[in-house]
**Q** 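First the structure, which I've put down as structure tokens, then a few questions once you've had a look.
For ligands, and for the atoms within them, numbers begin at 1 and follow the listed sequence.
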Amino acid sequence: MNPFVYEIPTKVYFGEGQLSHLGPELARFGKKVLLVYGGGSIKRTGLYDRIVKEVEAAGLELFELPGVEPNPRVATVRKGAQICKDEGIDVVLAVGGGSTIDCSKFVAASACVDHDPWDFFVKGAPVEKALPLVTILTIAATGSEMDDGGVISNPDTHEKLFTGNMALLPKVSFEDPTLTYTVPKYQTASGSADILSHVLEVYFDMAPGLYMLDAFMEGLMKTVIRFAPVALAHPDDYEARANLMWASSWAINGFVNGGRGVDWSCHAMEHELSAFYDITHGHGLAILTPRWMEYCLSEKTVSKYVQYGVNVFGLDATADPMVVARQAIERTADFLYDKLGLASTLTDLGIDDTNFELMAEKACKAYSGDCVDGFVRLEPQDIVSIYRMCL
Ligand code: NZQ
Ligand code: ZN
């Protein structure tokens, strides 16, 4: 068990009606607000009008960066940074999901430097400071509302890269589950798969960790498995949406790591799929996860699968460990494909093996250099094998 530091200075307003605190919270940081949002869902749902009202009531001045893409592009970050510099923006307000929040994080950081935003990702330019960021979360998925990192894409180079720094942590996040009632079924399912994957990436580690954290992660996974189908069947079920939303934040805000630090295998492989094919992040993870589990199962790793199968799915602890492990993988696949209704293969998404070798190399390069050093060390040929299992 490694020593660790845990610090999470994001203030969260959770629950229905909390947006009434938006104006005063923004005003703490200054007068000029850059509102960043996606493709228009916030206008269709009426959230945009509510925000404008709150901001105006607080006497603040509003500027806008609309049109952030799912898998946000570096070009949009550049546009936002320029607005911040031209207008002297004091605080960035991200309204949306992981894409909008991630884009806003790097808008906020790029506003404080003279170099291009992409240098944070490929030239090792450090993120040392950023404008204050406030978020209003509209979809339970990535946890970007309460973590210190973000992922930005550069379609010209087929790159989708992650970097993080405490300076990027939102200062305040608003999490009102009713704002997620309008999330389409496909995005609800993909977001839920993403939350589950964030936990699995940390949980599946053979190094000894804290029992308390393993039990916490099992609770998070059971929460997603229990409530995602409810949210799909009843989009306006408050309890289901609230549980998914809070699970989204706690899956990836650093708490569950407790000194664990292996590379995230499915995320390494998925980011390449998104970079090359612009697919939905959580869906890519849903396709990869059961195959990755299958590929990594061995006499050496079986005990972790048994722990997962018994504590999350209630499988029989006294049965043969390999049998339990396989059942645990089947139950995971059943949840992702049958309960969430996500298509189960890359072929379903129109992806063939053309770029597997290149994507495998890039995944390794983006993580440990020559491999993805995760639950089980994956070299490029292992990653190609896992991609092939997904066809
Ligand atoms: O763009 P709009 O019109 O708002 O529509 C969005 C988008 O089309 C829609 N949506 C969101 N809230 C809605 C809604 N539609 C109706 N009602 C609502 N309330 O959902 C679509 C997807 O939104 P997006 O923000 O792309 O989804 P998500 O939150 O899953 O974010 C995905 C991005 O985050 C990155 C992913 O790689 C991907 O780029 N990640 C960020 C992480 C982080 N910062 O820590 C970690 C993750 O592992 C992940 O990599
Ligand atoms: Zn993710």
Side-chain angles (χ1 to χ4, degrees), residues 10 35-48 50 65-74 76-77 94-106 133 135-155 159-165 168-170 173-202 224 231 235-236 241 244-245 248-249 251-254 264-275 278-286 288-289 366:
T10 302
L35 168 62
V36 183
Y37 57 98
S41 74
I42 71 161
K43 290 209 164 160
R44 289 192 295 278
T45 60
L47 177 57
Y48 176 89
R50 283 171 69 188
L65 174 66
V68 176
E69 314 79 3
N71 298 325
R73 313 285 158 86
V74 67
T76 313
V77 177
V95 185
S99 296
T100 294
I101 300 174
D102 284 4
C103 178
S104 301
K105 285 177 175 174
F106 290 98
L133 172 65
T135 83
I136 301 175
L137 185 65
T138 65
I139 173 174
T142 66
S144 188
E145 66 279 6
M146 209 178 173
D147 77 13
D148 65 358
V151 194
I152 301 295
S153 295
N154 186 342
E159 280 170 302
K160 176 173 178 176
L161 299 172
F162 169 90
T163 191
N165 186 284
L168 299 174
L169 264 171
S173 282
F174 289 86
E175 301 193 26
D176 177 345
T178 66
L179 299 180
T180 65
Y181 287 173
T182 54
V183 177
K185 276 190 191 315
Y186 177 66
Q187 292 296 342
T188 299
S190 300
S192 300
D194 192 20
I195 303 170
L196 183 68
S197 174
H198 294 160
V199 181
L200 286 170
E201 298 271 30
V202 179
V224 176
D236 57 357
R241 293 295 193 181
L244 290 174
M245 197 169 225
S248 144
S249 301
I252 191 175
N253 69 12
W264 284 27
S265 308
C266 290
H267 277 69
M269 294 185 281
E270 197 296 312
H271 283 164
E272 297 309 319
L273 289 171
S274 292
D278 201 17
I279 65 168
T280 298
H281 171 65
H283 193 179
L285 292 169
L288 287 161
T289 298

**Q** Evaluating non-hydrogen atoms only, which member of Cys103, Ser41, Gly143 is closest to atom 5 (O) of ligand 1?
**A**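 Comparing heavy atoms across Cys103, Ser41, Gly143, the nearest one to atom 5 (O) of ligand 1 lies in Ser41.
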**Q** Under 4.0 angstrom from atom 9 (C) of ligand 1, is there any protein heavy atom?
**A** no
**Q** Leaving out waters, which are not shown anyway, how many protein N, O or S atoms lie closer than 2.8 Å to the Zn ion (ligand 2)?
**A** 4
**Q** Could you list the residues that satisfy side chain to side chain donor-acceptor pair (under 3.5 Å) with Thr135, not counting sequence neighbours?
**A**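 Applying side chain to side chain donor-acceptor pair (under 3.5 Å) to Thr135 gives Ser173.
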**Q** Does the protein put a heavy atom less than 4.0 Å from atom 39 (O) of ligand 1?
**A** yes
**Q** How far is atom 25 (O) of ligand 1 from its nearest protein heavy atom, and which residue and atom is that?
**A** Ser99 N, 3.0 Å
**Q** Spell out, as yes or no, whether a donor-acceptor pair under 3.5 Å connects the side chain of Glu145 to the backbone of Glu175.
**A**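 No, the answer is negative, given that no donor and acceptor are paired below the 3.5 Å cut-off.
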**Q** For residues Asp102 and Ser144, is any side-chain donor paired with an opposing acceptor at under 3.5 Å?
**A**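 There is such a pair between these side chains.
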**Q** Side chain or backbone, does Asp147 bring an N or O within less than 3.5 Å of an N or O on ligand 1?
**A** yes
**Q** Would you mind finding which of Ile152, Thr45, Ile101, Thr142 brings a heavy atom closest to atom 42 (C) of ligand 1?
**A** Thr142
**Q** Hey, does His267 come in under 3.5 Å of ligand 1, counting only N/O atoms on both sides?
**A** yes
**Q** State the atoms of ligand 1, each with its element, that fall below the 4.0 Å cut-off from a heavy-atom position in His198.
**A**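 Checking each atom against His198, I get 47 (C), 48 (O).
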**Q** Heavy-atom distances under 4.0 Å decide this one: backbone, side chain, both or neither, for Thr280 against ligand 1?
**A** neither
**Q** Given Arg44, His271, Lys160, Met146, which one has a non-hydrogen atom that is nearest to atom 36 (C) of ligand 1?
**A**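 The nearest heavy atom belongs to Lys160.
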**Q** In the structure I gave you, are the side-chain heavy atoms of Pro170 and Met146 within less than 4.5 Å of one another anywhere?
**A**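 Side chain of Pro170 against side chain of Met146, heavy atoms only: no contact under 4.5 Å found.
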